[in-house]
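Only a predicted model underlies this, so the values are computations on that prediction, with no experimental measurement involved. Proteins come first, then strands; the chains are lettered A, B, ... in the order of their sequence lines, and each starts at number 1.
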Amino acid sequence: MVQINFIPLDYGYFDWQGHNYVRIIGRDDRGKRVCLIDNFEPYLWAVLKQGISDRRIKELQRKIDKIEIKLPSRITKVKKTEIHDKNFLGKSVKAFKIFITNYKDAHPVANKLDFKEIEARREYDMSLITKYIIDKKFIPLSWRKISGEILNNSSEFGGIDSAFDIDTCIKVEKIEKIENKKFKPKILAFDIESDELELGKGEILMISLVSDNFKKVLTCKKSLKKPTYVEYFKSEAEMLEAFIDYVNKISPDVLVGYFSDGFDIPYLKARAEKNKIKLSLGLDKSQPSFFRGRIPKAKITGIVHVDLFRFIETVYSQYLQSETLGLNDVAYELLGEGKKEFNHKHSSKIKEHEWENYFEYNLQDSILTYKLAEKFWPDMIEFSRIIQEPLFEITRSSMAHLLEDYILHQLNNYNEIAEKRPLHDEIKERRQRKRVEGAFVLEPKAGLYENLAIFDFTSMHTSIIVSFNISKATLLKKREKNSYESPEVEFAGKKTRFYFSKKPGFFPMMFKELIEKRKKVKREYKENPNPITKARSNAFKLLSAAVHGYIGFFGARYYSLESSASILAFVRKFNKETIDKTRNAGYNVIYGDTDSVAFQLKNKKRTETLKFLKKLNSELPGIMELELEDFYKRGIWVTKRAGGFGAKKKYALINERGKLKIRGFETVRRDWCNLVRNLQNDILQRILKDGNEKKAFQILQKTVDDLKKRRVSRDEILIRTQLKKPLSEYKARTPHVIAAEKMKKSGTPVDMGMLIEYFIAETRLKKSLVREKVKLPDEKGEYNIKYYLEHQILPAVENIFEVFGIKKEDILIKDQKKLTEF
DNA sequence: GAGCTCTTCTTACC
DNA sequence: ACTGGTAAGAAGAGCTC
């Protein structure tokens, strides 16, 4: 019997003599790599209908105990059946806990439970690892004291201890909770370069590896100078083998790449196959396995493969200003350094002296990936601990999936049996439903305003869910006395109201607790700001923000469109009420969107306004809360280009400290050229600072002049538009589709998700469509002055100057003559 | 071929 | 297919006159 302190990193399972065992790879507190083997007792639930007699229950139990699934490879039996008092969708129920010998057959066992006394069969559709973590409270990346027996060249479990490259293998007897201590994982970042983007098409030219005090580029190409970090190999095969050796030797906890699920790992696998090499990266020398999904997930046994791109995409992209989530943009924003310059061309055309630069470029990618991984480690570890799912899962799951995992791991606190995942037909039906009415947006009156404030609701949707006890399980079939009543909603073509029980449901309670946890962590962060508390606070924030969307998501276990419709009806009601109350208090309300109200203070003082906020808060139910977003010195709202009404979701503000808040304007949209984005930004800034348009107009005149004199660089007039689907699926012949087709024709690989760059050029055609003037950035040709004037500059500034009574004609009139010259 | 509406598409806001 | 609804706006398609 041994005892160690252990932190789990990678979870897997295997079968031995027809039973399931869980295999956990992690470290002990001396840094040794340990593999734990633990038994897993699979079970599922059968929820009984109300009022079944004890005698009948006994009878059923006997029948269930006899269930057997016979397969060629194994026989799965019911081991035992227990009767428990549980909750299911908030109701107290009696349920059978049916233990079976192999979880893989839980589904067929569930199918055999078709007794009329059984209302529902549940928890046979969850991941085995999820159930294991819940049952043993063995939370990923959390320290535990493990007692057990060391396996040493044991034949038990088929000799697993010798198959794995580990220091110790322990058969678990006991798991005890201990206080979390620090853990610094060994991270290894990698990146490959190849001629082709299509997986496995061309050979791999080089592979870079970066870890703590370790930098390498492995290559099978020759260069003139030989940097110390480069290792040369005779062939691609030898290079691949060296890569595998290095990964095995360094033996990292985390192998991290950037888009490595979608590119590097599958590419390596394909090239290894071509070279008849086994890509034995796993601790048991196994090859990466791929799990299906939008992008297949590449799993390496014993080492956590993290595709940092995927994690950043789901949990961090909303905070990033970067125009793309490519490594260069993200690294620039977060690390202040980007990729190295390298002019990509086919390897056959790269000269001997150029390879050195390519190596450096390749190395830099791994360096950036490594640094980003270090930066995001607190986020990864906190997400993993809070959601209680392994690192591999939480770095790849969508937000809805993360939230659902969080819910599943919390259910035990409420003695709840988990709801099932919707089946195919159910998903289809849900997706066909009419969408429910959303939030309210108040149409602003265009103008320049001074002395403003914005109030907004904190976590509005979630606080409504909590305050009105809204969920699938608390929804009442019909009106009941003493229940929460939603405002009137249009649902399935009828006007109706929904009612929710006042008995607190597990779902709203769970998120009440989550909001409380977040508040606590936020306080902790304020007292002691550090990356861990920041990451924890952020994880709670993101989960909380996703709850309403999750309820309306067709794939959710706890989907409830009635709940979603009710939440949104409350959102509209409270926003409108707040707008009315603000107006009635003597403020000039300018605008409001979903959970906010923007207004002019007029003659009122700030202290008075804060007092008014307090009053509003005292009138709000439950945990709902309105807060001051900020006071603003000035703000501008413009009209729509069509129709002359005030444009929603489009405004710019400046606060006392001179900080701008610009929403919706072209300057924040990446599909407008930089010339116009910068121009509009300058104009808005000038106007908000000065309170008038004089200088801003001069800025405009100068830019128009530059444009006409062709002093504007190519870079500034490039328009970037993303390909949102495969090129072949486009019905419309839009400029960016034409540009993408041109790229393809010229040999540049074009893929879904790419940001297509182009500009609009002068043509000899007298009358023509925009798409006929599309040119790629490196094509010869001059920019089309008329287009950039009338379709870029003017649309972006016209409505701003209109606020000051300056018309489109006033902007152009001075230049009318000049215009005709071109 | 001008002028209109409608569809397709992208990207924003909350 | 992998949170939701609301909205602006460009470009092109298709129609009428």
Side-chain angles (χ1 to χ4, degrees), chain A residues 292-295 297 310 313-314 318 323 396-404 421-422 424 427-428 430-431 434-444 454 456-457 459-462 542-556 558-561 563-565 567-569 571-572 575 591-596 629 638-643 645-651 661-672 719-725 729-738 755-756 760 767-774 787 790-792 795-796 798-799:
Chain A
R292 64 194 181 90
R294 196 167 46 103
I295 307 166
K297 306 169 179 184
R310 300 189 79 161
E313 188 185 31
T314 43
Q318 57 168 320
E323 231 115 87
R396 284 169 177 78
S397 296
S398 67
M399 210 53 224
H401 201 138
L402 290 176
L403 182 64
E404 188 155 280
R421 213 188 287 140
H424 187 265
I427 291 178
K428 213 173 132 193
R430 289 178 184 183
R431 295 190 66 194
K434 213 182 136 212
R435 27 155 77 183
V436 294
E437 187 186 345
F440 169 72
V441 187
L442 179 72
E443 190 201 311
I454 295 181
D456 62 9
F457 285 92
S459 312
M460 191 186 205
H461 298 73
T462 313
L542 286 174
L543 288 173
S544 163
V547 183
H548 170 248
Y550 169 81
I551 290 176
F553 165 49
F554 53 76
Y558 293 97
Y559 170 86
S560 167
L561 200 58
S563 298
S564 178
I567 294 160
L568 289 165
V571 166
R572 289 190 295 273
N575 193 24
Y591 179 61
D593 184 350
T594 311
D595 60 353
S596 69
E629 203 239 5
V638 298
T639 54
K640 287 205 286 186
R641 286 197 32 87
F645 300 105
K648 298 169 178 179
K649 300 185 187 287
K650 221 176 165 182
Y651 59 88
K661 177 177 172 163
I662 301 178
R663 293 289 118 102
F665 274 108
E666 285 73 7
T667 184
V668 300
R669 295 181 58 97
R670 72 168 178 193
D671 55 350
W672 284 72
I719 296 166
R720 297 176 185 85
T721 315
Q722 195 184 22
L723 269 188
K724 303 288 275 188
K725 49 186 176 186
E729 279 176 29
Y730 281 91
K731 280 186 210 161
R733 320 292 310 146
T734 59
H736 85 292
V737 169
I738 300 300
L755 206 54
I756 306 295
I760 305 304
K767 191 97 193 167
S768 60
L769 294 166
V770 176
R771 65 163 173 248
E772 290 165 319
K773 293 178 255 195
V774 165
Y787 175 83
E790 290 175 12
H791 291 264
Q792 291 275 327
E798 198 184 336
N799 300 75

Describe the nucleic acid contact of [X] in one word from base, sugar-phosphate, nothing, applying a heavy-atom distance below 4.0 Å.
{"X": "A:Y591", "answer": "nothing"}
{"X": "A:R294", "answer": "base"}
{"X": "A:G549", "answer": "base"}
{"X": "A:Y787", "answer": "sugar-phosphate"}
{"X": "A:A439", "answer": "sugar-phosphate"}
{"X": "A:G555", "answer": "nothing"}

Whole angstrom value for the distance that separates P of B:dT10 from NE2 of A:H736: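 Rounded to whole Å, this separation is 4 Å.
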Roughly, in whole Å, what's the span from CZ in A:R771 to P in B:dC9? 13 Å
Residues forming a ring pair (Phe, Tyr, Trp, His ring centres under 6.0 Å) with A:Y787, sequence neighbours excluded: A:H791
Please name all residues satisfying side chain to side chain contact (heavy atoms under 4.5 Å, CB included) with [X], sequence neighbours left out, ordered by chain then number.
{"X": "A:N575", "result": "A:F440, A:I579"}
{"X": "A:K661", "result": "A:E629, A:Y632, A:Y651, A:L653, A:R663"}
{"X": "A:F553", "result": "A:A400, A:A556"}
{"X": "A:R720", "result": "A:N674, A:L718, A:L755, A:E757"}

Can you tell me whether the side chain of A:R670 and the base of B:dT10 have a donor-acceptor pair closer than 3.5 Å? no
Quick check on DNA chain C: between A:R733 and A:V436, whose nearest nucleotide comes earlier from the 5' end?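 Checking each residue's closest nucleotide, the 5'-ward one belongs to A:V436.
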Can you sort out the partners of A:E323 under side-chain hydrogen bond (donor to acceptor under 3.5 Å, both in side chains), two or more places apart, ordered by chain and number?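 Result, side-chain hydrogen bond (donor to acceptor under 3.5 Å, both in side chains) vs A:E323: A:R677.
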Those residues at least two apart in sequence (or on a different chain) that pass side-chain hydrogen bond (donor to acceptor under 3.5 Å, both in side chains) with A:Y730 are none
Of all nucleotides in DNA chain C with an atom under 4.0 Å from a non-hydrogen atom of chain A, which is the first and which the last going 5' to 3'? C:dA1 to C:dA13
Basic-acidic side-chain contact under 4.0 Å: A:K648, A:D593: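 Salt bridge flag = no for A:D593 with A:K648.
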Indicate yes or no: does A:K650 engage A:E666 in a salt bridge with an N to O separation below 4.0 Å.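 Judged by the 4.0 Å cut-off on N to carboxylate O distance, A:K650 and A:E666 do form a salt bridge.
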Shorter than 3.5 Å, N or O on both sides, protein versus nucleotides 6-8 of chain B: list them out with atom names.
none

OP1 or OP2 of B:dA12 sitting under 4.0 Å from any side-chain N/O of A:R663?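 Indeed not, no polar side-chain atom of A:R663 lies that close.
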When you compare C:dA1 with B:dC9, how far apart are their P atoms, in angstrom units rounded to a whole number?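 Pairwise P distance, C:dA1 against B:dC9, rounds to 16 Å.
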